[in-house]
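A short write-up of the structure that comes next.
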Amino acid sequence: MKAAGVIGGLGPMATIYYLEQITKMTDAKKDQEHLKILLESIPDTPDRTEYILGKKTASPLPAFIKAGRELASLGAGFLTIPCVTAHYFYEPLCETLPIPVLSLCADTAKEIAAKKIKKVGVLATWGTIRGRILEQEFETYGIESIYPEPGMQQLVMNIIYENLKKGTFPDEEVVHRISHSLLEKGAEKIVLGCTELSLLKKKFQLTAPYVDLLEVLAQKTVLFSGAPLKETYQDIIQ
């Protein structure tokens, strides 16, 4: 099996949940059948959204490159980054590093397209939205992205920065209200387009119509490593 190198800490709780998902999805009967994971947690990386929006000039890219090179030198066979906004830097990162980097954005778009879904609601940071990080991947497959109205989008940002990044959770009713506004616009699925939003699915046991990017990334990590994937996780989007 190939060892997975994880550039994590963006944010820390999302990384922990991602590692938990990998472990749950691996069809292992003993410790030795789980894949090897090398983690570089770099929470001190400059904020991705602030850089994309032009609010800060410090680029996160050098930190990503440094972590990626260190993980490769330790024996990682490929890299993953459980942070959607970090994928704004995906292409220059791939061009610089000596090992493959999985793309949770591209892989999620493929999975959604395989279900013949043509319109999705996206809950994400302003950085992901303005950088068209998910939108451009969805467009490749003819999938339309729908975003919350400005007032609702501010609620999404509050959930990410004022709740989840501070270790708390919003009122579940707020989550459903935002999601319902997108479903009313014709969204067939709601994409949790920030990996910290995946924590909402765990906390509130959200089911369909939500698409969890961390679940997709965890599945692809297990498969790419060569570890056995549990049959129940073969079809990641219901």
Side-chain angles (χ1 to χ4, degrees), residues 1-23 25-26 28 31-52 56-111 125 127-128 131-134 136-138 140-141 193-196 198 213-229 233 236:
M1 291 186 288
K2 296 177 183 177
V6 180
I7 300 176
L10 311 164
M13 287 303 295
T15 299
I16 291 171
Y17 183 48
Y18 164 61
L19 297 176
E20 178 184 333
Q21 292 291 91
I22 292 174
T23 306
M25 291 184 183
T26 305
D31 292 349
Q32 291 76 15
E33 293 178 354
H34 283 276
L35 64 151
K36 182 176 182 179
I37 300 173
L38 303 168
L39 170 64
E40 180 107 8
S41 185
I42 50 172
D44 56 341
T45 302
D47 188 273
R48 283 70 63 200
T49 292
E50 289 189 341
Y51 177 81
I52 293 169
K56 295 288 179 66
T57 58
S59 171
L61 183 57
F64 297 154
I65 293 172
K66 181 175 182 291
R69 285 175 173 166
E70 289 175 352
L71 289 166
S73 70
L74 291 171
F78 66 101
L79 297 171
T80 70
I81 312 174
C83 170
V84 177
T85 316
H87 282 68
Y88 180 82
F89 308 92
Y90 181 75
E91 290 187 6
L93 193 59
C94 289
E95 291 170 358
T96 305
L97 296 178
I99 56 177
V101 184
L102 300 190
S103 171
L104 81 169
C105 301
D107 286 335
T108 300
K110 291 177 186 176
E111 291 291 331
T125 64
T128 293
R132 302 184 70 248
I133 298 169
L134 284 168
Q136 63 187 353
E137 298 291 351
F138 293 156
T140 301
Y141 295 93
C194 169
T195 52
E196 277 158 318
S198 298
L213 275 75
L214 270 190
E215 288 185 354
V216 175
L217 183 61
Q219 182 210 52
K220 300 305 178 186
T221 301
V222 175
L223 290 171
F224 200 84
S225 74
L229 180 72
Y233 293 103
I236 206 67

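Smallest separation of non-hydrogen atoms from Gly9 and Ser41: CA-OG, 3.5 Å. Counting all heavy atoms, side chain and backbone alike, Ala67 lies closest to Ile42 at CB-CD1, 4.1 Å. Closest of all the heavy-atom pairs between Ala72 and Ile99 is CB-CD1, 3.8 Å. Of all heavy-atom pairs spanning Pro46 and Ala58, the tightest one is CB-O, 3.5 Å. The heavy-atom pair separating Gly127 from Thr49 by the smallest distance is N-CG2, 3.5 Å. Listed here is the closest heavy atom pair of Arg48 and Cys83: NE-SG, 3.9 Å.
The side-chain heavy atoms of Phe78 and Leu102, taken from C-beta on, include a pair separated by under 4.5 Å. Inter-residue side-chain proximity for Pro100 and Leu79 is flagged as unmet; no heavy-atom pair is nearer than 4.5 Å.
Within the structure, every pair that satisfies the side-chain hydrogen bond (donor to acceptor under 3.5 Å, both in side chains) test and touches residues 8-19, not counting sequence neighbours, is listed here: Tyr18-Thr80, Tyr18-Thr221. Pairs of residues two or more places apart, or lying in two chains, that qualify as salt bridge (charged side-chain N to carboxylate O under 4.0 Å, His left out) and include a residue from residues 214-228 are Glu111-Lys220, Lys201-Glu215. Screening residues 59-72 for salt bridge (charged side-chain N to carboxylate O under 4.0 Å, His left out), with sequence neighbours left out, gives Lys66-Glu70.
We find the OG1-CG distance between Thr96 and Leu61 to be 6.5 Å, quoted to the nearest 0.5 Å. Separating the OG atom in Ser198 from the CE atom in Met13 is a distance of 12.0 Å, to the nearest 0.5 Å. The distance from the CG atom of Leu213 to the OG1 atom of Thr108 is 3.5 Å, given to the nearest 0.5 Å. Taking CD from Glu20 and CG from Leu214, the interatomic distance works out to 10.5 Å, rounded to the nearest 0.5 Å. Separation of atoms CG (Leu217) and OG1 (Thr195) is listed at 9.0 Å; rounding is to 0.5 Å. Rounded to the nearest 0.5 angstrom, Thr23 OG1 and Ile37 CD1 are separated by 5.5 Å.
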Which is it for Ile236 and Met25 under the side-chain contact (heavy atoms from CB on, under 4.5 Å) test, yes or no, and what are the steps along the way? CA-CA 10 Å; Ile236 206 67; Met25 291 184 183; 3.6 Å; yes

What verdict does the side-chain contact (heavy atoms from CB on, under 4.5 Å) test give for Ile81 and Leu93, after you've listed the backbone C-alpha separation in whole Å, the side-chain angles of each residue and the deciding distance to 0.1 Å? CA-CA 11 Å; Ile81 312 174; Leu93 193 59; 3.4 Å; yes

Under the side-chain contact (heavy atoms from CB on, under 4.5 Å) criterion, do Leu38 and Val6 qualify, and how do the steps go? CA-CA 6 Å; Leu38 303 168; Val6 180; over 6 Å; no

Would you sort out whether Leu97 and Leu71 count as a side-chain contact (heavy atoms from CB on, under 4.5 Å), showing the intermediate values? CA-CA 10 Å; Leu97 296 178; Leu71 289 166; over 6 Å; no

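With sequence neighbours left out, the ring-ring contact (aromatic ring centres under 6.0 Å, His included) criterion links Tyr233 to no other residue. The ring-ring contact (aromatic ring centres under 6.0 Å, His included) check on His87 picks up Tyr90, with sequence neighbours excluded. Contacts of Gln21 classified as side chain to side chain donor-acceptor pair (under 3.5 Å), with partners at least two apart in sequence or in another chain: Lys24. Under the side-chain contact (heavy atoms from CB on, under 4.5 Å) criterion, Lys110 pairs with Asp107, Tyr141, sequence neighbours left out. Lys56 meets the side-chain contact (heavy atoms from CB on, under 4.5 Å) test with Glu50; sequence neighbours excluded. Partners of Phe64 according to the ring-ring contact (aromatic ring centres under 6.0 Å, His included) rule, which considers only residues two or more places apart in sequence or in another chain, are Phe89. Scanning for side-chain contact (heavy atoms from CB on, under 4.5 Å) contacts around Tyr88 gives Ile52, Ile133, with sequence neighbours left out. In terms of the salt bridge (Lys or Arg N to Asp or Glu O under 4.0 Å) criterion, Glu33 has no residue partners (sequence neighbours excluded). Taking the side-chain contact (heavy atoms from CB on, under 4.5 Å) definition, one finds that Ala227 meets it with Met1, Thr26, Leu35, Val222, Ser225, sequence neighbours left out.
Applying the 6.0 Å contact sphere to CD of Gln136 captures more than 12 heavy atoms from other residues, nucleotides or ligands.
When only modelled atom types and interatomic distance are considered, Thr128 and Thr125 share a side-chain donor-acceptor pair under 3.5 Å.
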